[in-house]
Amino acid sequence: MQNLQLHIESLIFAAHSPISYKEIKTTLIEYLEIEIVDNEIEEAIESLITKYNQEQFAIEIVEISEGFTFMSKGAYHNVIGTYLKQITNKKLTKTALETLSIIAYKQPVSKAEMESIRGVNCDYSVQKLLEKELVEIKGRSEGVGKPLLYGTSDKFMDYFGLKSMEDLPKLKDFELPDNSIGLPDNIEISIKVNKSEEE
C-alpha cells in the first residue's frame, strides 16, 4: 500500500513509549478506513528496521517492551550524554529566578501579573521555566481574555529540595528598601529547609 511505511514511521516517531503492533494496526485502520492485512504491516516495519540499520543513520528502530521505538545507536551515546550533561547543569539566569520566585509566591499567576510586578516582558523566562519543567500551566483565569495561569511543578520541589511550599522563605524575610519596586539587583535567592524544623 502506498505510503504505508511512512505512516508507520510517523507513528513510531510520535509515540512517547514503544508502540505495539496492535496499536499501529488499529490506528492505521481507523485513519485509512480500510482493512490492512498483517503481512503488509510486518513487511513495512521490517523495511523500516532495515532502512535505519544503515550507517548513514544515527538512530535505529528497535523492538522493546512489546513495541517499536526509535533509539540512538551505541556509537553516539557519548555525544548525547555530553549534551544531556550540559543542559542539565545549566543554571537559571537571574531573570528566570525572578520570574520563578513571583510564580512560586503568587501562584496561580498570569504572565500579565508577572510583568506588572517585574516591569518587563516575561515571555522568554516563562518559556525557559516551562522547558525545564519547573513551572506548569494550572488553568485559565476567569478575567478578560482568560489568560493562562502558571504555578510551580513537582520538579520545582525536587530542584530546590523542598518538602512543601511551607518551606519557602517568608516574604517578610526579604528586607527591601522603602519605596522600592521589584527585586533588588543584589538579591541572592536561595531556598533552604530550616534544620530546626526538621528535628
Side-chain angles (χ1 to χ4, degrees), residues 1-34 36-101 103-104 111 114 121-138 148 150-163 189-191:
M1 178 183 296
Q2 189 177 13
N3 292 332
L4 179 63
Q5 184 172 310
L6 293 177
H7 287 312
I8 294 174
E9 184 176 11
S10 68
L11 288 175
I12 296 173
F13 174 78
H16 293 294
S17 56
I19 183 170
S20 68
Y21 178 88
K22 183 179 179 181
E23 289 172 320
I24 292 173
K25 183 177 181 179
T26 54
T27 302
L28 291 173
I29 290 174
E30 180 178 340
Y31 173 70
L32 298 173
E33 297 181 340
I34 58 172
I36 305 173
V37 294
D38 289 340
N39 71 317
E40 287 183 308
I41 299 174
E42 291 168 359
E43 288 175 7
I45 292 174
E46 285 301 319
S47 294
L48 285 170
I49 292 173
T50 301
K51 169 186 171 181
Y52 283 99
N53 274 340
Q54 298 179 65
E55 289 186 4
Q56 69 256 40
F57 295 104
I59 56 176
E60 61 185 341
I61 294 176
V62 296
E63 186 174 3
I64 57 172
S65 301
E66 299 182 349
F68 301 92
T69 189
F70 276 103
M71 294 187 74
S72 57
K73 292 179 180 176
Y76 306 100
H77 286 177
N78 288 339
V79 69
I80 294 171
T82 300
Y83 166 72
L84 293 175
K85 183 178 178 181
Q86 288 177 348
I87 62 172
T88 300
N89 290 339
K90 283 184 179 177
K91 295 181 179 179
L92 292 172
T93 63
K94 175 189 163 189
T95 54
L97 274 173
E98 289 178 358
T99 303
L100 182 58
S101 66
I103 295 172
K111 273 197 281 192
M114 297 178 216
N121 186 288
C122 291
D123 286 345
Y124 183 77
S125 294
V126 170
Q127 184 59 41
K128 288 300 176 185
L129 293 171
L130 286 169
E131 288 176 7
K132 288 182 176 290
E133 300 178 355
L134 294 174
V135 302
E136 58 190 13
I137 296 170
K138 296 292 187 179
L148 293 172
Y150 299 88
T152 55
S153 64
D154 290 339
K155 190 170 181 178
F156 167 84
M157 307 291 284
D158 295 335
Y159 188 93
F160 289 102
L162 300 173
K163 291 181 180 178
I189 301 177
S190 61
I191 301 175

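Heavy-atom basis, side chains included; hydrogens, waters and symmetry copies ignored. Quick caveat: nothing in here was measured; it's all calculated off a predicted structure.
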Starting at [atom1] of [X], measure out to [atom2] of [Y] and round the result to the nearest 0.5 Å.
X	Y	atom1	atom2	result
K111	T99	NZ	OG1	11.0 Å
L4	I41	CG	CD1	6.5 Å
I8	I61	CD1	CD1	9.5 Å
I24	L11	CD1	CG	6.5 Å
M114	I103	CE	CD1	4.0 Å
K155	M157	NZ	CE	15.0 Å

Do the side chains of [Y] and [X] get nearer than 4.5 Å, heavy atoms only?
X	Y	value
Y150	I137	yes
L130	V135	yes
L92	K132	yes
I45	E63	no
F156	L100	yes
S72	H77	yes

Quiz item: Does a sphere of radius 6.0 Å around CG in D38 hold more than 12 heavy atoms from other residues, nucleotides or ligands, not counting ones at 6.0 Å or beyond?
Solution: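 More than 12 within 6.0 Å, yes.
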Exercise. Would you indicate whether N39, at its atom CG, is surrounded by more than 12 heavy atoms from other residues, nucleotides or ligands within a distance under 6.0 Å?
Key: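 Yes, CG of N39 has more than 12 neighbouring heavy atoms, counting only those of other groups under 6.0 Å.
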Minimum-distance pair of heavy atoms, taken over all atoms of [X] and [Y]:
X	Y	answer
Q5	S47	OE1-CB, 3.3 Å
P18	S65	CG-CB, 4.3 Å
V62	M71	CG2-SD, 3.3 Å

Practice problem: Evaluate the criterion side chain to side chain contact (heavy atoms under 4.5 Å, CB included) for residue pair L32 and H7; output intermediate values, then yes/no. | Solution: CA-CA 10 Å; L32 298 173; H7 287 312; 4.0 Å; yes
Practice problem: List in chain and number order the residues that pass side-chain contact (heavy atoms from CB on, under 4.5 Å) with E136, two or more places apart in sequence or in another chain; answer none if no residue qualifies. | Solution: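 K138, S153.
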Considering only distance and modelled atom types, tabulate donor-acceptor pairs under 3.5 Å from the side chains of residues 53-60, sequence neighbours left out.
residue : atom : partner : partner atom : Å
N53     : ND2  : I49     : O            : 3.3
Q54     : NE2  : K51     : O            : 3.2

Self-check item: For F70, all residues meeting ring-ring contact (aromatic ring centres under 6.0 Å, His included), sequence neighbours excluded
Solution: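 Partners of F70 under the ring-ring contact (aromatic ring centres under 6.0 Å, His included) test: Y52.
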